[in-house]
Amino acid sequence: MIASRRTLLASLFALPFAGAATAARQVPLRVTVYKDPNCGCCTAWADRMRASGRFVPMLVDDTAMMERKLRLRVPPELASCHTSVMAGYVIEGHVPAADILRLVSTKPAGVIGLAVPGMPAGSPGMEMPDGRRDPYDVIAFTATGAMARFARHG
């Protein structure tokens, strides 16, 4: 009986802390979105991230995007229109919120970022009036330039 009482008391004591840990995981991630001043789809992507309730994007106009991508070690073949930094990762282009959240929660060894090369129709921020959705991959990349498919959409 004493062991079960101790177990019960320990469980009750831990409950408030378990709730706090869950709440901490729900705190929206701050995202810095570097974009060309004339790009509208970058703003649309940031709007989608904000609408998910999991991100707080801050837009920064940048007229030297290629230099920024190089500094952040985005492989040139993965380049898209905007580059974001959040939670220690680089997010290149129109990456869906769910893929970013999976990256942040799983923390794959060696991965420094995710990218959606180009600007595929139907990706977040690239929705088409006719509903067209091109299939696309989300690519994980490392500091050495190694790449692997992280997710497939469409």
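Excluded from the calculations below are hydrogen atoms, water molecules and symmetry mates; all remaining heavy atoms, backbone and side chain alike, are included.
The heavy-atom pair separating C42 from C81 by the smallest distance is SG-SG, 3.6 Å. Closest non-hydrogen pair, V95 versus W45, comes out as O-NE1, 2.9 Å. Across all non-hydrogen atoms, the minimal contact from S80 to V116 is CB-O, 3.5 Å.
In this structure, A98 has no side chain to side chain contact (heavy atoms under 4.5 Å, CB included) partners at least two apart in sequence or on a different chain. With sequence neighbours excluded, no residue satisfies side chain to side chain contact (heavy atoms under 4.5 Å, CB included) with L70. In this view, S105 satisfies the side chain to side chain contact (heavy atoms under 4.5 Å, CB included) rule with no residue, not counting sequence neighbours. Taking the side-chain hydrogen bond (donor to acceptor under 3.5 Å, both in side chains) definition, one finds that T144 meets it with T142, sequence neighbours left out. Among residues two or more places apart in sequence or in another chain, the side chain to side chain contact (heavy atoms under 4.5 Å, CB included) test is passed with V104 by L29, A87, Y89, I100. Taking the salt bridge (Lys or Arg N to Asp or Glu O under 4.0 Å) definition, one finds that R50 meets it with D47, sequence neighbours left out. T83 pairs by the side-chain hydrogen bond (donor to acceptor under 3.5 Å, both in side chains) definition with K69, E92, not counting sequence neighbours. With sequence neighbours left out, S52 forms a side-chain hydrogen bond (donor to acceptor under 3.5 Å, both in side chains) with no residue at all.
Within a 6.0 Å sphere centred on CZ of R71, other residues, nucleotides and ligands contribute more than 12 heavy atoms.
Two residues are said to be in side-chain contact when any heavy atoms from C-beta on lie closer than 4.5 Å; H82 and H94 meet this criterion.
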Could you list the donor-acceptor pairs under 3.5 angstrom formed by side chains in residues 146-154, with sequence neighbours left out?
unit_1, atom_1, unit_2, atom_2, d
R149, NE, D137, OD1, 3.3
R152, NH1, D137, OD1, 2.8
H153, NE2, D99, OD2, 2.6

May I have the list of side-chain donor-acceptor pairs in residues 117-131 shorter than 3.5 Å, sequence neighbours left out?
unit_1, atom_1, unit_2, atom_2, d
S123, OG, P120, O, 2.7
E127, OE1, R48, NE, 3.4
E127, OE1, R48, NH2, 3.1
E127, OE1, G125, N, 3.1
E127, OE2, R48, NE, 3.2
E127, OE2, G125, N, 3.3
D130, OD1, R132, N, 2.9

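If you chain together hydrophobic residues whose side chains sit under 4.5 Å apart, L78 and V33 never meet in one group. If you chain together hydrophobic residues whose side chains sit under 4.5 Å apart, I112 and Y34 fall into the same group. Taking hydrophobic clusters as Ile, Leu, Val, Met, Phe, Trp and Tyr residues chained together by side-chain heavy-atom distances below 4.5 Å, V85 shares a cluster with M65. F141 and L72 fall within a single hydrophobic cluster, where Ile, Leu, Val, Met, Phe, Trp and Tyr side chains are chained together by heavy-atom contacts under 4.5 Å. At a threshold of 4.5 Å between side-chain heavy atoms, the hydrophobic network of Ile, Leu, Val, Met, Phe, Trp and Tyr places Y136 and L101 in one connected group.
Identified under the salt bridge (Lys or Arg N to Asp or Glu O under 4.0 Å) test for residues 103-119, with sequence neighbours left out: none. Listed by first and then second residue, the salt bridge (Lys or Arg N to Asp or Glu O under 4.0 Å) pairs involving residues 57-67 are K35-D61, D62-R68 (not counting sequence neighbours).
Between atom CE of residue M58 and atom OG of residue S84 there is a gap of 10.5 Å, rounded to the nearest 0.5 Å. Between the CG atom in L114 and the CG atom in L103 there is a gap of 4.5 Å [rounded to 0.5 Å].
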